[in-house]
Participant: 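Quick one: this structure, given as structure tokens, is what I'll be asking you about.
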Amino acid sequence: MNKFLLVTTAVFGAAVFVIPTAYAQGIGIGIGVKAGGNASRLAGGIANKDYYSTKYGGHGGLLLNVSFLKDGMLSVQPEVLFSQRGYKIDNPTYQMGNSTFNLKGTSSYNYLDVPVLIKFKLKSFYVEAGPQYSRLLNVKDEERYLLNGKQASHSNTEPSLARVNRNEIGLATGLGVQTNSGLLIGLRYNASFTEFAQRFYHNNELANARFSVFQASVGYLLKLK
């Protein structure tokens, strides 16, 4: 969380220098907030890919919009977001004697995302795209072992980050609606270029795994100029 506050302060502290310059040059400035839901799943060459399914989570944070045209048609929009990713596990049932065993679980990866987007707006409709830096904050694993369809054991752990890549680079693309009153409604896709697992992480089953995330959000943009 300290890193979250540090990056947030760095990005939006820069606004202290950007805003006066923007005012002097006639550039439009807006600040805002946004929040919404995530649907994330694993991509890449993953062993036993059918064992993993979509996990739902949330995201939220702050944004700064710097417009280079008076009508807001072209702008740059950096954001700082807390974002939940992950996957669900459902291993096939296997038989041993008269007993059946099954493992179910959820792995949650909490990230700090910093996308920097080029935004093109025509009337109320916009499209956006740009690079995204992500910093992994923590991981939480929940596992349930089932015996003959009934829960035999349950665990919640926060595993070590020693064998994961905590820094990721990716691409964010999206579209949405921005009203004159400042209401934002958007859909976005985030694709990571970085494999988050290192050697021997989860027995090398996730050696080539990357996150693929769809986001739906609502927000509000306050125009300062």
Side-chain angles (χ1 to χ4, degrees), residues 3-4 6-19 21-22 25 27-41 43-44 57-85 109-137 165-179 182-196 210-225:
K3 290 185 175 64
F4 175 79
L6 178 62
V7 176
T8 302
T9 301
V11 172
F12 286 90
V16 173
F17 301 98
V18 172
I19 291 175
T21 303
Q25 298 182 3
I27 296 174
I29 290 290
I31 58 174
V33 296
K34 63 182 297 186
N38 290 352
S40 61
R41 63 181 301 120
H59 69 273
L62 307 173
L63 60 91
L64 171 69
N65 185 270
V66 181
S67 176
F68 297 102
L69 300 175
K70 290 184 178 180
D71 57 4
M73 181 178 292
L74 180 65
S75 62
V76 174
Q77 184 167 295
E79 301 175 0
V80 177
L81 306 172
F82 173 79
S83 183
Q84 297 174 320
R85 309 181 202 171
Y109 293 70
N110 295 323
Y111 280 85
L112 171 70
D113 290 342
V114 185
V116 180
L117 305 168
I118 301 297
K119 189 172 182 178
F120 179 78
K121 180 173 173 286
L122 184 61
K123 294 185 178 180
S124 296
F125 177 78
Y126 69 82
V127 294
E128 60 187 7
Q132 175 172 289
Y133 164 76
S134 298
R135 171 74 178 181
L136 178 61
L137 303 176
N165 296 315
R166 299 190 64 184
N167 299 298
E168 295 185 12
I169 299 297
L171 175 69
T173 61
L175 53 82
V177 173
Q178 178 180 324
T179 68
L183 176 65
L184 300 170
I185 302 175
L187 296 173
R188 186 179 293 175
Y189 174 67
N190 295 334
S192 177
F193 300 147
T194 308
E195 298 168 352
F196 68 84
R210 303 183 305 277
F211 279 116
S212 174
V213 185
F214 286 93
Q215 295 181 326
S217 64
V218 295
Y220 179 75
L221 179 65
L222 175 64
K223 293 183 179 179
L224 301 180
K225 184 177 185 298

Participant: Measure the spacing between CD of E79 and CZ of R188 and express it to the nearest 0.5 Å.
Facilitator: 4.0 Å
Participant: Under the rule for side chain to side chain contact (heavy atoms under 4.5 Å, CB included), what residues qualify as partners of Y189, not counting sequence neighbours?
Facilitator: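 Expected list: T173, A191, S212, F214.
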Participant: Between S192 and T194, is there a donor-acceptor pair closer than 3.5 Å when you use the side chain of the first and the backbone of the second?
Facilitator: yes
Participant: Over all heavy atoms of both residues, which pair between A216 and L187 is shortest? Give the atoms and the distance, please.
Facilitator: CB-CD2, 3.7 Å
Participant: Shortest non-hydrogen contact from E168 to Y111?
Facilitator: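 E168 and Y111 have their closest heavy atoms at OE2-OH, 2.5 Å.
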Participant: Can you tell me how far the CG atom of L112 sits from the CG atom of L136, to the nearest 0.5 Å?
Facilitator: 10.5 Å
Participant: Restricting to non-hydrogen atoms, name the atom on N65 and the atom on S75 that form the minimum distance, rounded to 0.1 Å.
Facilitator: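 Of all heavy-atom pairs spanning N65 and S75, the closest is ND2-OG, 3.1 Å.
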Participant: Kindly state each residue pair satisfying salt bridge (Lys or Arg N to Asp or Glu O under 4.0 Å) with at least one member in residues 109-123, sequence neighbours excluded.
Facilitator: R85-D113
Participant: If I take atom OG1 from residue T179 and atom CG from residue L184, how far apart are they, to the nearest 0.5 angstrom?
Facilitator: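 It is 7.5 Å, given to the nearest 0.5 Å.
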Participant: Do I118 and L74 have side chains that approach each other closer than 4.5 Å (heavy atoms only, starting at C-beta)?
Facilitator: yes
Participant: Would you give me the side-chain donor-acceptor pairs under 3.5 Å for residues 28-40, sequence neighbours excluded?
Facilitator:
unit_1 : atom_1 : unit_2 : atom_2 : d
N38    : OD1    : H59    : ND1    : 2.8
N38    : OD1    : Q215   : NE2    : 3.3
N38    : ND2    : G58    : O      : 3.4
N38    : ND2    : S83    : OG     : 2.8
N38    : ND2    : Q84    : O      : 2.9
S40    : OG     : K55    : O      : 3.4
S40    : OG     : G86    : N      : 3.0
S40    : OG     : G86    : O      : 3.1

Participant: Can you name the side chain to side chain donor-acceptor pair (under 3.5 Å) partners of Y109, sequence neighbours left out?
Facilitator: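 Side chain to side chain donor-acceptor pair (under 3.5 Å) check on Y109 returns Y87, Y201.
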Participant: When you compare the side chain of L137 with that of F82, does any pair of heavy atoms fall below 4.5 Å?
Facilitator: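 F82 vs L137: side chains touch.
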Participant: Return the minimal non-hydrogen interatomic distance between Y126 and V177, and the atom names on each side.
Facilitator: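 So the two residues come closest at CE2-N, 3.4 Å.
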Participant: Mind checking whether N167 and R135 have side chains closer than 4.5 Å, heavy atoms only?
Facilitator: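 With C-beta onward as the side chain, the pair touches.
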Participant: With heavy-atom distances below 4.5 Å as the criterion, would you say the side chains of V116 and Y133 are in contact?
Facilitator: no
Participant: What residues, two or more places apart in sequence or in another chain, satisfy side chain to side chain contact (heavy atoms under 4.5 Å, CB included) together with V218?
Facilitator: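 In terms of side chain to side chain contact (heavy atoms under 4.5 Å, CB included), with neighbours along the sequence ignored, V218 is linked to I185.
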Participant: Nearest heavy-atom pair of L81 and L62: which atoms, and what distance?
Facilitator: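 Reported closest heavy-atom pair: CD2-N, 4.3 Å.
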Participant: Once side chain to side chain contact (heavy atoms under 4.5 Å, CB included) is applied, do any residues pair with E195, and if so which ones, sequence neighbours excluded?
Facilitator: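 Scan of E195 (side chain to side chain contact (heavy atoms under 4.5 Å, CB included), adjacent residues dropped) gives N208, R210.
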